[in-house]
*Asks:* 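Got a structure for you, questions after.
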Amino acid sequence: MRIRIVDAFTDRPFAGNPAGVVLLDTFPDDTWLQHVAREVNHPETAFAHRLPEGAEADWALRWFTPAVEVAMCGHATLATAHVLATTGARTGTVRFATRSGVLVATPHEDGSLTLDFPTAPITPAELPDGVAEALGAQPLTALDTGPNLGDLLLELADEKTVRGLTPDLRALGRYSERGIIATARAEDPSQGYDFVSRCFFPNVGIDEDHVTGSAHTALAPFWSDRLGRPALTGLQASPRSGLVRTEVRGDRTLLTGRAITVIEGELLA
C-alpha cells in the first residue's frame with residue numbers, strides 16, 4: 001500500500017504541518033494503525049478508506065498522533081483531501097465520516113482546499129493557578145474550547161510575546177485535556193494575516209504543533225468577534241509556520257489552505 005507525506009497549510013515543501021496519509025480498503029486493528037503513526041512520527045497520520053454508495057459520507061477517516069487517536073484534526077484532513085484530489089481517487093467535494101461527525105472538503109481551481117468543520121463552542125474560563133508560569137507569559141483572557149478540542153485558549157498581550165514563548169511543556173499538560181492555544185492580534189495586518197497563534201499539545205504526544213486546523217475552529221470565532229469580520233487569516237507562528245484562511249458561518253467554520261506532497265512510498269509492514 002502507498003503512504004504519502006503531505007505538508008498542509010502551505011504551498012511549499014518543508015513548511016506547514018506534515019501528515020502521513022494512508023488509503024486503505026478497510027481499517028485494520030487499532031494497534032497496527034497506532035504502530036504506523038508512531039513509525040511515521042509526524043503530528044498526525046491519517047487513515048482513510050472508501051465507503052459504499054448510500055453511506056453517510058464518501059470516505060471514512062481517522063487520525064493518530066504518535067501516541068493516541070484524536071477526535072479531530074484539520075491539517076491531516078486537508079492532507080487526505082489533497083491526496084484524493086491529486087491522485088484522482090476522488091474528484092470534487094468529499095465527505096469524511098469521522099469521530100467528529102461528517103466533515104466536508106472542497107477543492108478549488110487554484111489548488112486550495114476548504115474544510116467545513118464544526119465551530120468550537122468557546123466559553124470564558126478561569127485562569128488556572130500556575131498556567132502563566134508554565135507558559136512563560138501572563139494571559140489577558142482564557143477560554144475553554146469545548147469537548148471536540150479539549151484545549152485552553154489563551155490571549156496574550158501581543159504577537160511578539162506569542163512568538164517568544166518557551167513554555168514548560170510538561171507543566172502545561174496539567175491545564176487542559178489536549179493542550180494550550182496561545183494567540184494575539186497581528187502586529188501588522190498588512191503582512192497578510194490578522195492574528196497569530198502557537199499550539200502546545202504535550203498530552204497527545206505533540207510538544208508544539210506546526211499548523212493546527214482544528215485550533216482555528218476556536219481561534220476564528222474568537223478573533224471574528226474581536227475584529228468584527230467573519231473572514232480572517234491566521235498565521236501559526238511555529239518554526240515551520242503556515243497560513244489558515246478562516247470564515248465563521250454560525251456553528252460551522254470554513255478553513256482554507258494549500259497542501260503539497262513531499263514523499264510517496266510503499267508501506268511494507
Side-chain angles (χ1 to χ4, degrees), residues 1-13 15-27 33 36-37 40 42-53 55-65 69-119 148 209-217 220 233-234 236 240 242-247 249 252-264 267:
M1 69 191 76
R2 308 301 293 173
I3 183 168
R4 296 166 176 88
I5 305 300
V6 177
D7 290 343
F9 291 114
T10 183
D11 59 0
R12 57 190 176 88
N17 204 354
V21 178
V22 183
L23 304 184
L24 302 160
D25 295 325
T26 188
F27 290 135
L33 297 173
V36 173
V40 171
H42 281 319
E44 264 91 11
T45 298
F47 302 92
H49 71 77
R50 195 189 310 270
L51 292 172
E53 286 194 25
E56 64 171 346
D58 306 302
W59 286 73
L61 178 62
R62 296 171 70 181
W63 314 278
F64 287 75
T65 77
E69 183 175 9
V70 296
M72 180 184 289
C73 180
H75 88 277
T77 304
L78 188 77
T80 305
H82 168 79
V83 168
L84 295 180
T86 56
T87 62
R90 172 76 185 184
T91 58
T93 296
V94 58
R95 299 167 301 157
F96 294 110
T98 78
R99 288 174 58 181
S100 294
V102 175
L103 306 177
V104 179
T106 302
H108 305 292
E109 290 186 1
D110 66 357
S112 65
L113 297 115
T114 294
L115 307 179
D116 183 335
F117 271 41
T119 301
N148 276 350
D209 202 22
H210 304 294
V211 190
T212 314
S214 61
H216 284 75
T217 67
T233 298
Q236 195 149 330
R240 289 175 62 106
L243 291 170
V244 184
R245 300 203 310 272
T246 68
E247 183 176 349
R249 295 185 177 179
R252 308 297 296 183
T253 293
L254 304 184
L255 310 171
T256 299
R258 295 176 177 272
I260 183 169
T261 302
V262 293
I263 297 173
E264 181 175 350
L267 183 59

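Side chains included, hydrogens not; waters and symmetry mates left out as well; all remaining heavy atoms used.
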*Asks:* Should Ile3 and Val40 count as side-chain neighbours, where that means a heavy-atom distance under 4.5 Å?
*Replies:* yes
*Asks:* Hydrogens and angles aside, do Thr212 and His75 bring a side-chain donor and acceptor to less than 3.5 Å of each other?
*Replies:* no
*Asks:* So do Val104 and Phe117 actually touch side chain to side chain, heavy atoms under 4.5 Å?
*Replies:* no
*Asks:* Which value, rounded to the nearest 0.5 Å, describes the distance between Asn148 atom CG and Thr217 atom OG1?
*Replies:* 7.5 Å
*Asks:* When rounded to the nearest 0.5 angstrom, what is the spacing between CZ in Phe9 and CG in Leu113?
*Replies:* 9.5 Å
*Asks:* Do Thr253 and Thr119 have side-chain atoms, one donor and one acceptor, less than 3.5 Å apart?
*Replies:* yes
*Asks:* Would you compute the distance between atom CG of Asp116 and atom OG1 of Thr93 and round it to the nearest 0.5 angstrom?
*Replies:* 10.0 Å
*Asks:* Do you know the tightest heavy-atom contact between Gly16 and Pro18?
*Replies:* O-CD, 3.8 Å
*Asks:* Any side-chain heavy atom of Arg240 within less than 4.5 Å of one from Val211?
*Replies:* no
*Asks:* Nearest 0.5 Å, what's the CG-OG1 distance between Leu243 and Thr10?
*Replies:* 8.0 Å
*Asks:* Report the C-alpha distance between Phe96 and Thr80 in whole Å, list the side-chain angles of each, state the deciding distance to 0.1 Å, and finish with yes or no for side chain to side chain contact (heavy atoms under 4.5 Å, CB included).
*Replies:* CA-CA 10 Å; Phe96 294 110; Thr80 305; 3.9 Å; yes
*Asks:* Would Asp7 and Arg12 pass as an ion pair if we require N to O under 4.0 Å?
*Replies:* no
*Asks:* Quick one: do Met1 and Leu23 satisfy side chain to side chain contact (heavy atoms under 4.5 Å, CB included)? Show the steps, please.
*Replies:* CA-CA 8 Å; Met1 69 191 76; Leu23 304 184; over 6 Å; no
*Asks:* With a 4.5 Å limit on heavy-atom distance, are the side chains of Trp59 and Arg95 in contact?
*Replies:* no
*Asks:* Are any of the side-chain heavy atoms of Gln236 and His210 separated by less than 4.5 Å?
*Replies:* no
*Asks:* Can you name the salt bridge (charged side-chain N to carboxylate O under 4.0 Å, His left out) partners of Glu247, sequence neighbours left out?
*Replies:* Arg249
*Asks:* Taking all non-hydrogen atoms of both residues into account, name the closest pair between Ala105 and Leu115 and its distance.
*Replies:* CB-CD2, 3.7 Å
*Asks:* Could you pull out the closest heavy-atom pair between Met72 and Trp63, with the gap in Å?
*Replies:* CA-CZ3, 3.4 Å
*Asks:* I'd like a table of donor-acceptor pairs (distance under 3.5 Å, sequence neighbours excluded) in which one partner is a side-chain atom from residues 42-51, with atom names and distances.
*Replies:*
| unit_1 | atom_1 | unit_2 | atom_2 | d |
| --- | --- | --- | --- | --- |
| Arg50 | NH1 | Ala89 | O | 3.4 |

*Asks:* Quick one, Thr26 and Leu24 - any side-chain contact, counting heavy atoms below 4.5 Å?
*Replies:* no
*Asks:* Check the pair Arg258, Asp110 against side chain to side chain contact (heavy atoms under 4.5 Å, CB included), reporting the backbone distance first and the verdict last.
*Replies:* CA-CA 9 Å; Arg258 295 176 177 272; Asp110 66 357; 3.5 Å; yes
*Asks:* Once rounded to the nearest 0.5 Å, what's the spacing between atom SG of Cys73 and atom CG of Leu103?
*Replies:* 10.5 Å
*Asks:* Indicate yes or no: at least one non-hydrogen side-chain atom of Thr246 is less than 4.5 angstrom from one of Leu255.
*Replies:* yes
*Asks:* With sequence neighbours excluded, what pairs up with His216 under the ring-ring contact (aromatic ring centres under 6.0 Å, His included) test?
*Replies:* Phe195
*Asks:* Which heavy atom of Ala97 sits nearest to which heavy atom of Ala57, and what is that distance?
*Replies:* N-CB, 3.5 Å
*Asks:* What heavy-atom pair brings Gly92 and Pro107 nearest, and what distance separates the two atoms?
*Replies:* O-CD, 3.4 Å
*Asks:* Does any non-hydrogen side-chain atom of Leu267 lie less than 4.5 Å from one of Val36?
*Replies:* yes
*Asks:* In a check of side-chain contact (heavy atoms from CB on, under 4.5 Å) between Arg4 and each of Thr87, Val262, Ile263, which one passes?
*Replies:* Thr87
*Asks:* Give me the atom names and distance for the closest heavy-atom approach of Ile5 to Gly20.
*Replies:* CD1-CA, 3.9 Å
*Asks:* Taking atom CZ of Arg62 and atom CZ of Arg99, what is their separation to the nearest 0.5 Å?
*Replies:* 8.0 Å
